[in-house]
Amino acid sequence: MRRYFIAGNWKMNLTRAAAEALATDLVAAMPAGDSPVDVLVAPASPYLLPVASVTAGSHVELGAQDAYFESAGAFTGEVSVEMLLDVGCTQVILGHSERRHVLGETDEFTGKKVEAALAGGLKVILCVGELLSEREAEETDSVLDRQMAGGLKNVDERAMENVVIAYEPVWAIGTGKTASPDQAESAHDHLRKWLANRYNSEVADRTRILYGGSVKPENASELLGQPNVDGALVGGASLKADLFNAIIEAAVELAGS
Ligand code: PGA
């Protein structure tokens, strides 16, 4: 049984005070005792430490939005896996569509980061997803196949225990346009079959595949209710405690049903 996983990607937003306040509200709202749902927040790098001091000892895990593949040296502006572990991160988002399409990162570059993060001890949320033009040209499956093959190039079956996939159609990110539950389910089903092919049915069955792209309280239950949707990677709605908590609540209800 795959546990639901709700991750908040705060992107380049908030101030230090607002990030601390948001984390405080989320920690306060987490149910006491064992939660049936995994929850993570990924603040901008300067706010990792202050947010870590709020989430420490809680059920809210801390993630980074990116990491570099070299361990140290002359890489101005970059942050290493070791640094992220040092400030309390347990996970890192890699291959996000904004890294790919705004900053020009390739599948090969993403694959190197995935390999380095896993080798260093961070869990990875690997994002994949097609552009609107690719969907319209019926290239969704081939784009996903290419991004999965590049991102997981040097990841073996054992390392896959520490990988979560996030399907994020680029046309649905930050646009208010959500994939329909059928569109999400069909892409997730394709990704799970890809995992079965590349690895085996056990890896395919246990790997969690999150949906991302304009997830909000109003559409969360329907998306999370799809058989192959195991959670959500939430951008905009993760910046408001009441919205993010409502999405977590939707997952808690489905987990208990
Ligand atoms: P969104 O972003 O929820 O604002 O669409 C999702 C993401 O980019 O991870």
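Counting begins at 1 with the first residue of the sequence. When a ligand or atom number is given, it counts from 1 through the structure's own listing order.
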Taking the side chain as C-beta and beyond, is there a heavy-atom pair between D66 and V79 under 4.5 Å?
no

Hydrophobic cluster membership, with links at side-chain heavy-atom distances under 4.5 Å among I/L/V/M/F/W/Y: are I165 and V39 in one?
yes

At a 4.0 Å threshold, what atoms of ligand 1 neighbour a non-hydrogen atom of G213?
5 (O)

Taking only non-hydrogen atoms of H96 and a 4.0 Å limit, the atoms of ligand 1 in range are 7 (C), 8 (O), 9 (O)

Could you tell me, atom by atom, which parts of ligand 1 come under 4.0 Å of a heavy atom of N9?
9 (O)

Looking only at distances, please establish whether an N/O atom of ligand 1 is found under 3.5 Å from an N/O atom of G236.
yes

T90: what forms a side-chain hydrogen bond (donor to acceptor under 3.5 Å, both in side chains) with it, not counting sequence neighbours?
E61

Which of the atoms of ligand 1 are close to S214, meaning less than 4.0 Å from one of its heavy atoms?
1 (P), 3 (O), 5 (O)

Quick test of your reading of the structure: of G8, A166, G174, G235, whose heavy atom lies closest to atom 5 (O) of ligand 1?
G174

For ligand 1, which atoms sit closer than 4.0 Å to a heavy atom of K11?
2 (O), 7 (C), 8 (O)

Atom 7 (C) of ligand 1 has as its nearest protein heavy atom E168 OE2, 3.2 Å

Inspect the contact between E202 and R206 and indicate whether a charged nitrogen and a carboxylate oxygen are less than 4.0 angstrom apart.
yes

Drop me the distance from F109's CZ to R100's CZ, to the nearest 0.5 angstrom.
12.0 Å

Can you classify the ring geometry of H188 versus Y167 as parallel (below 30°), tilted (30 to 60°) or perpendicular (above 60°)?
perpendicular

For T175 and ligand 1, does the shortest N/O to N/O distance drop below 3.5 Å?
no

Does a side-chain N-to-carboxylate-O contact under 4.0 Å join E108 and K112?
no

Atoms in ligand 1 with a heavy atom of A172 nearer than 4.0 Å:
5 (O)

